[in-house]
Amino acid sequence: MLDRKQNYFEKLFSQFKASQNEEFAYQQVLEVYLYRKPSKKSLSIVNREDCFWHSTFIDGFPPNLFESDDFVLSLARYFAQDITSNLKFISMVLAQSPTTVITAIRRSEIVLKKEHVKWHEINQLSSQYPNILEGLIVTCHQFQQAHEDRKGLIEKYSSPFKDTTLFEFLSFSAVYFFKYQIEQAISFDGGVISVNSKLRALTELIHWKLRHSPDSDFHLNDNKIGKSLKKYHAPLVFPSNEDTAVADSLLNTFSQLMQVQVELDEFLSQSVHPFCFDDSLHFSVKSGRLTFNRIDKGIIDNWDRNGNRQQLLKGYWFNLAMEEFIASGIAHVQMGSVENHDSNQIAYVKAIATKLELKKIYGFEEFVKLDNGFNVNLFQALLSLELMIAFYLKENIEAFYYEYAQVGDWQKAIGMVAIKGLSTGQNRFPITWSLWKEKVNNIIGWTVSRDFPKGSIKAAEAILEFWCLDMKKLSNELHQSQFEKIQPLYEKPVFKIGSHCVQLPWLMSTQYSSVSAVNNLRRFANLRSSLKDETTRIENQLGDAFEGRGFNVIRNYTANTPNGIEAGEIDLICVIDNIVFIIEVKSTYYRTTQSEIFHHRDRTLRKAGIQVRKKVEAVKGDLVLSERLKQTLGLTVEIPKIVGWIADTSLEFDHEYFAGFMKISIEELLIALVDNAHFLCNQEKDITSLMASGKQVYFSSEHFSLYPSGFNGKEFLRVIEDSLVWAKAD
């Protein structure tokens with residue numbers, strides 16, 4: 001039996017009940033269980049689950065809370081863990097609210113974990129209450145079988161590549177992607193496989209290969225590369241009358257492997273993850289096949305809206321970068337050779353755009369310190385990537401299309417590109433490689449500055465490290481543990497294999513430098529010492545933007561009333577025209593899968609809503625008691641209007657409400673404050689095309705103001721709440 005003196009949740013429940021009432025206590029204890037991490041001294045992970053689900057108050061949970069988001073998420077955590085069980089309580093919930101239990105089982109993400117201990121409990125519940133869980137169980141069994149079938153296909157088609165080297169595996173992927181620049185790669189359902197699907201699939205397959213790569217794969221030399229090229233790559237790039245059957249057969253098998261990996265990925269992303277998180281879908285099994293009906297199209301509309309707005313923001317930063325580029329006078333300076341001038345200019349503007357975004361939204365400074373101690377100049381790193389992209393686009397991708405137009409055969413085309421490269425001493429194979437030191441020397445010219453007019457070898461090394469994926473290191477990590485977070489290949493497109501750099505030209509052509517830079521620094525290098533300073537700058541810069549519009553701003557405020565103790569530090573309090581904006585700032589990264597986005601909703605945004613609620617209450621209390629606070633904020637009324645917002649670096653779930661408070665992107669707030677929504681556009685390609693043709697560049701539209709009658713607090717609130725920032729561009 002549990003020691004009652006040590007039951008953390010029972011103590012909290014008693015305190016909450018004494019302060020207000022029983023229902024309040026139940027809601028608060030749910031929030032603590034979900035969102036507060038108790039200190040290690042107060043509760044172990046094992047005791048946390050056991051204490052909560054066997055507390056004395058658990059059987060008295062008010063039924064009106066059963067369908068609340070917090071209760072469903074708590075029950076989802078119950079089904080996800082294998083530490084404790086309380087079948088009696090779950091049975092009671094199932095009898096009174098079947099939908100709650102069904103949703104919680106879906107949310108628990110145990111659908112594919114057929115050996116999970118909770119399936120025994122779910123089967124018991126189904127026997128106890130026939131016709132409630134049977135459909136869910138049958139559906140989950142179908143999911144599990146479909147998953148096993150797809151994993152079986154992966155095993156079948158990956159088996160021939162277990163004996164190939166990592167370099168050879170990469171070389172097959174390189175030829176595959178050039179082949180399917182011309183031909184259409186078709187999925188099992190007959191659709192065309194998108195570039196993004198190929199990227200996700202190759203990331204998974206490279207990780208599979210790294211788990212099976214011997215140490216010798218990471219010690220490349222000219223002899224090994226030459227043998228690999230002769231064995232597989234040359235027969236594909238330079239087909240001749242010699243026997244190419246082995247190479248052709250493996251390329252065909254690689255194509256099938258990509259197809260089944262795409263099928264598995266899309267099964268997870270389009271079926272499994274929606275089953276777990278999307279309540280607008282109803283899943284069932286008909287004639288032995290999984291089917292679903294969409295009850296509400298709202299979530300699809302939101303995906304489309306956010307995708308469109310992401311493109312608009314890319315245009316926004318590009319337009320701001322164009323202004324800076326022109327104002328700096330660099331637009332009239334020759335960049336590189338005459339034939340490369342236009343593409344170099346475009347690369348430069350794109351690098352400025354990403355720099356502006358990273359500085360204003362993510363708090364980065366001129367130099368960023370990496371985990372390995374390298375200090376990298378952020379703009380130089382971004383410019384280097386954009387120049388690499390421009391180089392590979394011109395010398396490999398565009399050259400390939402040119403040759404294909406001449407010969408009408410994809411294989412002959414890649415061969416011609418390679419031959420013409422060899423004739424000038426350049427590597428134009430579908431896969432490129434060079435010694436690490438040579439690559440560093442090649443990019444020194446991109447580090448030229450006032451301090452280093454001839455460039456800096458240390459700066460070049462730092463840039464290469466910034467974009468480098470060390471395959472040996474990643475292989476070791478994959479052998480040691482199962483990653484929850486697997487970094488996509490395109491976020492670090494320079495592969496370090498031993499003393500060599502290996503690059504895939506097609507991969508360079510898919511780059512989004514802002515996504516790669518943000519995720520490299522804020523997701524996968526999140527132990528950097530400067531991360532806290534960057535987070536503080538995000539909050540302060542947003543505060544500066546409010547002050548620039550005439551708001552009175554207090555940063556990092558801690559309330560003095562009893563409620564303020566629980567509320568914690570308040571990031572920003574911004575006041576204008578007797579309207580008080582209390583803002584909780586969340587600084588994260590770009591999410592690349594739907595499951596990550598839903599986890600952000602359930603683990604971050606729901607908690608943030610609760611934090612805002614507590615902070616609003618704390619500020620209300622302080623305003624009643626403190627005339628000095630009112631004076632500091634410039635308030636002239638006794639009861640001001642108080643608005644709480646969650647301001648996030650991401651776009652996901654914008655304008656949705658959490659604990660009654662709206663979530664909004666920092667970018668939207670900044671655009672509304674600066675009043676330059678006219679820069680939003682989805683025309684980056686058009687602008688790029690105009691620049692390349694030498695024609696005059698025009699911005700997306702003529703200037704207009706979001707505040708035709710003048711700026712004030714009421715109008716600012718209306719602009720945000722009614723999404724007017726996006727009104728003309730959506």
Side-chain angles (χ1 to χ4, degrees), residues 150 154 170 172-208 254-274 277-278 299-315 350 354 385 389 392-393 396-397 430 467 469 483 485-493 495 503-520 523-524 589-600 650-652 682 684-685:
R150 285 159 176 78
I154 295 290
L170 288 170
F172 276 110
S173 77
V175 175
Y176 166 88
F177 275 88
F178 273 94
K179 177 180 179 180
Y180 289 105
Q181 292 287 325
I182 303 301
E183 300 178 13
Q184 289 187 332
I186 304 299
S187 65
F188 282 164
D189 64 5
V192 176
I193 299 175
S194 69
V195 172
N196 285 337
S197 294
K198 293 174 188 174
L199 287 170
R200 285 194 298 269
L202 188 63
T203 293
E204 296 293 336
L205 292 176
I206 294 298
H207 283 215
W208 165 83
F254 187 88
S255 301
Q256 293 172 306
L257 177 59
M258 284 290 294
Q259 187 181 37
V260 297
Q261 184 63 56
V262 167
E263 171 65 20
L264 175 58
D265 294 344
E266 294 189 348
F267 168 70
L268 294 173
S269 64
Q270 297 179 13
S271 295
V272 175
H273 296 153
F277 298 109
D278 189 349
I299 196 165
I300 295 297
D301 293 338
N302 286 343
W303 294 129
D304 292 342
R305 180 200 69 184
N306 287 344
N308 181 52
R309 289 183 178 179
Q310 196 65 65
Q311 291 299 317
L312 293 173
L313 287 170
K314 283 179 62 182
K350 286 184 176 180
T354 304
L385 180 63
I389 294 169
Y392 282 112
L393 275 171
N396 290 80
I397 307 300
W467 298 116
L469 182 63
F483 278 167
K485 299 186 294 186
I486 299 179
Q487 188 161 23
L489 297 178
Y490 51 82
E491 291 180 1
K492 281 186 175 285
F495 304 151
Q503 287 180 271
L504 303 174
W506 67 264
L507 183 64
M508 300 305 301
S509 69
T510 67
Q511 290 295 298
Y512 286 111
S513 57
S514 59
V515 175
S516 299
V518 168
N519 285 0
N520 282 340
R523 187 178 190 191
F524 295 99
Y589 50 83
Y590 281 100
R591 286 160 191 82
T592 54
T593 67
Q594 287 191 15
S595 60
E596 291 172 352
I597 292 170
F598 281 121
H599 283 147
H600 181 56
S650 71
L651 281 177
E652 286 92 26
N682 197 358
E684 181 180 341
K685 290 182 179 179

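All values below come from the heavy atoms of this structure, side chains included, with hydrogens, waters and symmetry mates left out.
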[X]: partners by ring pair (Phe, Tyr, Trp, His ring centres under 6.0 Å), with sequence neighbours left out:
{"X": "F178", "result": "F400"}
{"X": "Y180", "result": "Y176"}
{"X": "W506", "result": "F177"}

What's the shortest heavy-atom distance between [X] and [Y], and which atoms?
{"X": "M508", "Y": "L385", "value": "CE-CD1, 3.8 Å"}
{"X": "A174", "Y": "P430", "value": "CB-O, 3.3 Å"}
{"X": "L312", "Y": "N682", "value": "CD2-N, 3.8 Å"}
{"X": "P488", "Y": "T203", "value": "CA-OG1, 3.7 Å"}

Just how far is it from atom [atom1] of [X] to atom [atom2] of [Y], taken to the nearest 0.5 Å?
{"X": "I206", "Y": "S173", "atom1": "CD1", "atom2": "OG", "result": "5.5 Å"}
{"X": "H600", "Y": "I597", "atom1": "NE2", "atom2": "CD1", "result": "9.0 Å"}
{"X": "Y590", "Y": "N519", "atom1": "OH", "atom2": "CG", "result": "8.5 Å"}
{"X": "S197", "Y": "L202", "atom1": "OG", "atom2": "CG", "result": "12.5 Å"}
{"X": "F254", "Y": "L205", "atom1": "CZ", "atom2": "CG", "result": "6.0 Å"}

Q. Parallel, tilted or perpendicular: which describes the rings of H599 and F277, with under 30° parallel and over 60° perpendicular?
A. perpendicular
For [X], all residues meeting salt bridge (Lys or Arg N to Asp or Glu O under 4.0 Å), sequence neighbours excluded:
{"X": "E652", "value": "R591"}
{"X": "R200", "value": "none"}
{"X": "E263", "value": "R150"}
{"X": "D265", "value": "none"}

Under the rule for side-chain hydrogen bond (donor to acceptor under 3.5 Å, both in side chains), what residues qualify as partners of [X], not counting sequence neighbours?
{"X": "T593", "result": "S595"}
{"X": "Y490", "result": "none"}
{"X": "S513", "result": "T354, E386"}
{"X": "E204", "result": "none"}

Q) Is F267 atom CZ crowded by more than 12 heavy atoms from other residues, nucleotides or ligands, each under 6.0 Å away? A)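 Buried by this count: over 12 neighbours within 6.0 Å.
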Any donor-acceptor pair under 3.5 Å from [X] side chain to [Y] backbone:
{"X": "E183", "Y": "K179", "result": "no"}
{"X": "S187", "Y": "I193", "result": "no"}
{"X": "N520", "Y": "W467", "result": "no"}

Is any side-chain heavy atom of [Y] closer than 4.5 Å to one of [X]?
{"X": "V518", "Y": "V515", "result": "no"}
{"X": "T592", "Y": "E491", "result": "yes"}
{"X": "Q261", "Y": "W208", "result": "no"}
{"X": "L507", "Y": "Q503", "result": "no"}

Q | For Q594, side-chain contact (heavy atoms from CB on, under 4.5 Å) partners two or more places apart | A |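 Only P274, W303, F598 meet the side-chain contact (heavy atoms from CB on, under 4.5 Å) criterion with Q594.
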Q. Is there a donor-acceptor contact under 3.5 Å linking the side chains of N196 and S194?
A.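 Checked: N196/S194 side chains show no N/O donor-acceptor pair below 3.5 Å.
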Q: Let me know which of L504, L393, V195, I389 forms a side-chain contact (heavy atoms from CB on, under 4.5 Å) with S509.
A: L393
(Q) I'd like to know whether K350 forms a side chain to side chain contact (heavy atoms under 4.5 Å, CB included) with Q511, so could you lay out the CA-CA distance, the side-chain angles of the two residues, the decisive distance to 0.1 Å, and finally the verdict. (A) CA-CA 12 Å; K350 286 184 176 180; Q511 290 295 298; over 6 Å; no
